[in-house]
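Take a look at the structure below.
Just so it is clear, the model here is predicted, and its values are computed rather than measured.
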Amino acid sequence: MKNLLKNRIVVGLVCIIVALAICFGLTPMFNDALTSTVEIVRVNAEIKEGDQITAKMVTSVEVGGYNLPSNVVYRVEDVVGRYANTDLYKGDYILASKLSDTPQLKNEYLTGLDGTNRAMSITIKSFAAGLSGKLERGDIVSLIASDVGDLRETLIPAELQYVEIIATTLSDGTDSDMQEEGDDAGLASTITVLVTPEQARLLAELEQEGSIHVALVYRGNREDAGKFLEEQARVLEELYTEETEESAEGEDPADNENSGEEDFGESGSENGEKEPAETGTEKAGQSEESASDRTDDAGSQE
């Protein structure tokens with residue numbers, strides 16, 4: 001075998017055979033893949049997010065089939081009548097992930113409430129308090145209250161360490177992510193957060209007593225954001241479990257017994273029975289009358 005490999009003629013023949021296989025086998029196959037064409041659906045008019053797609057908005061074009069996305073749409077009939085999940089521009093290929101069978105609802109983030117949490121808006125009173133207008137839906141933030149009470153304290157409540165923003169809204173009521181292209185960017189005047197009933201009550205108090213500042217904690221994928229929310233839920237459970245136990249320990253059984261005795265005394269008075277103090281007063285009056293009678297009798301005898 002070694003002698004065979006050392007033979008230059010054999011090695012040369014093997015190289016020639018490999019070269020011929022590449023030239024006449026693999027190369028034509030590769031060229032065919034590059035030059036093959038398919039028909040796909042392409043946008044020929046601008047489509048806004050939420051718009052229903054009509055036949056005039058799209059067209060079928062022939063393009064090279066090499067390296068196309070796996071979820072590209074090939075037939076016009078698979079697109080017409082459906083709704084755009086995002087803005088589409090002239091010349092874009094249409095992907096299945098950008099289409100929806102149902103229209104988007106206005107403020108659809110509110111339709112996911114199931115009664116467990118609350119959606120609550122808080123006022124952003126200054127440019128700096130709202131992270132210079134850079135807050136977005138899905139951000140995990142900490143809420144800090146300043147100028148609270150007569151002492152003008154700054155508080156960082158444990159209940160509001162990790163809160164999710166579900167909307168940022170301009171002064172005209174338009175959500176920041178729903179602005180039309182070309183509109184002047186405005187400062188969000190409120191943010192809407194997803195909170196528990198206990199957090200909502202605390203936020204309402206802080207809103208009235210001071211100013212709320214927003215500190216960004218995390219912006220990224222939903223899985224990692226959920227870890228922060230899980231940690232906040234754990235803190236809330238610990239806080240309110242301790243409060244429940246303390247209130248239960250603060251109840252004194254003796255207070256209940258005393259209250260029962262008071263009720264009994266009041267009910268006896270209502271039934272017309274004389275209380276002991278009143279009976280003693282009447283006896284003292286009778287004694288004074290008897291002493292007066294005896295004095296009068298003695299004077300008449302003299």
Next on the checklist: Less than 4.0 angstrom from a charged side-chain N to a carboxylate O is my criterion; do E223 and K227 meet it?
Outcome noted: no
Item to check | Rounded distance (nearest 0.5 Å) linking atom CG of L110 with atom CG of L194 | outcome: 9.5 Å
Checklist entry - Are I40 and V73 close enough that some pair of their side-chain heavy atoms sits under 4.5 Å apart? => result no
Next on the checklist: Do T54 and V80 make a side-chain contact, defined as non-hydrogen atoms from C-beta onward lying under 4.5 Å apart?
Outcome noted: no
Checklist outcome for this item: Tightest non-hydrogen contact, residues T192 and A119, listed as CG2-CB, 4.1 Å
Checklist entry - Quick one: CE on M120 to CG on L203, what's the gap to the nearest 0.5 Å? => result 5.0 Å
Checklist entry - Under a 4.5 Å cut-off applied to non-hydrogen side-chain atoms, are L135 and I191 in contact? => result yes
Item to check | I144 with I124, same ILVMFWY side-chain cluster at under 4.5 Å | outcome: no
Checklist entry - Does the side chain of Q199 pick up a donor-acceptor pair with the side chain of T196 at under 3.5 Å? => result yes
Item to check | Closest contact, heavy atoms only, T123 versus T190 | outcome: CA-CG2, 4.3 Å
Next on the checklist: I'd like to check V72 versus I94 (side-chain heavy atoms, cut-off strictly below 4.5 Å). Are they in contact?
Outcome noted: no
Item to check | Heavy atoms from other residues, nucleotides or ligands near CG of D114 exceed 12 (cutoff 6.0 Å) | outcome: yes
Checklist entry - Do Y83 and I53 come within less than 4.5 Å of each other through their side chains, counting heavy atoms only? => result no
Next on the checklist: Under 4.0 Å between a side-chain nitrogen and a carboxylate oxygen: does that hold for K125 and E207?
Outcome noted: no
Next on the checklist: Give me the atom names and distance for the closest heavy-atom approach of V79 to V58.
Outcome noted: CG1-CG1, 4.2 Å
Checklist entry - Would you find more than 12 non-hydrogen atoms of other residues, nucleotides or ligands less than 6.0 Å from E237 atom CD? => result no
Checklist entry - Are L216 and F228 linked, directly or through other ILVMFWY residues, by side chains that come within less than 4.5 angstrom of each other? => result no
Item to check | Atom of N85, atom of S97 and distance for their closest heavy-atom approach | outcome: ND2-O, 3.4 Å
Checklist entry - Charged N to carboxylate O under 4.0 angstrom, E46 versus K90? => result no
Checklist entry - Are D51 and K48 within salt-bridge range, i.e. N to O under 4.0 Å? => result no
Checklist entry - Any Lys/Arg nitrogen of R42 or D92 sitting under 4.0 Å from an Asp/Glu carboxylate oxygen of the other? => result no
Checklist entry - For the atom pair CG (D147) and OG1 (T154), what is the distance rounded to the nearest 0.5 Å? => result 6.5 Å
Checklist entry - For Q161, does its backbone N or O pair with a side-chain atom of Q232 as donor and acceptor, under 3.5 Å? => result yes
Next on the checklist: Is there a path of hydrophobic side-chain contacts, each under 4.5 Å between heavy atoms of I/L/V/M/F/W/Y residues, joining L95 to Y74?
Outcome noted: yes
Checklist entry - How far apart are the C-alpha atoms of E231 and R234, what are their side-chain angles, what is the distance that settles it, and do they pass the salt bridge (charged side-chain N to carboxylate O under 4.0 Å, His left out) test? => result CA-CA 5 Å; E231 174 64 18; R234 185 188 64 79; 2.5 Å; yes
Item to check | Least distance between heavy atoms, T174 atom then D172 atom | outcome: N-OD1, 3.0 Å
Next on the checklist: Let me check something: do L236 and L160 share a hydrophobic cluster, defined by ILVMFWY side-chain heavy atoms less than 4.5 Å apart, either directly or through other members?
Outcome noted: no
Item to check | Enclosure of E62 CD (heavy-atom neighbours >12, cutoff 6.0 Å) | outcome: yes
Next on the checklist: Taking the side chain as everything from C-beta on, heavy atoms only, tell me whether Y218 gets closer than 4.5 Å to E164.
Outcome noted: no
Checklist entry - Shortest non-hydrogen contact from Y162 to I140? => result CB-CG2, 4.0 Å
Checklist entry - If you group Ile, Leu, Val, Met, Phe, Trp and Tyr by side-chain heavy-atom gaps below 4.5 Å, do I212 and L202 land in one group? => result yes
Checklist outcome for this item: Rounded to the nearest 0.5 angstrom, the CG-NZ distance for N71 and K98 is 9.0 Å
Next on the checklist: Could you measure the distance from the CG atom of N44 to the OG1 atom of T59? Nearest 0.5 Å is fine.
Outcome noted: 5.5 Å
Checklist entry - Which distance, rounded to the nearest 0.5 Å, do you find between the CD of E77 and the OG of S60? => result 8.5 Å
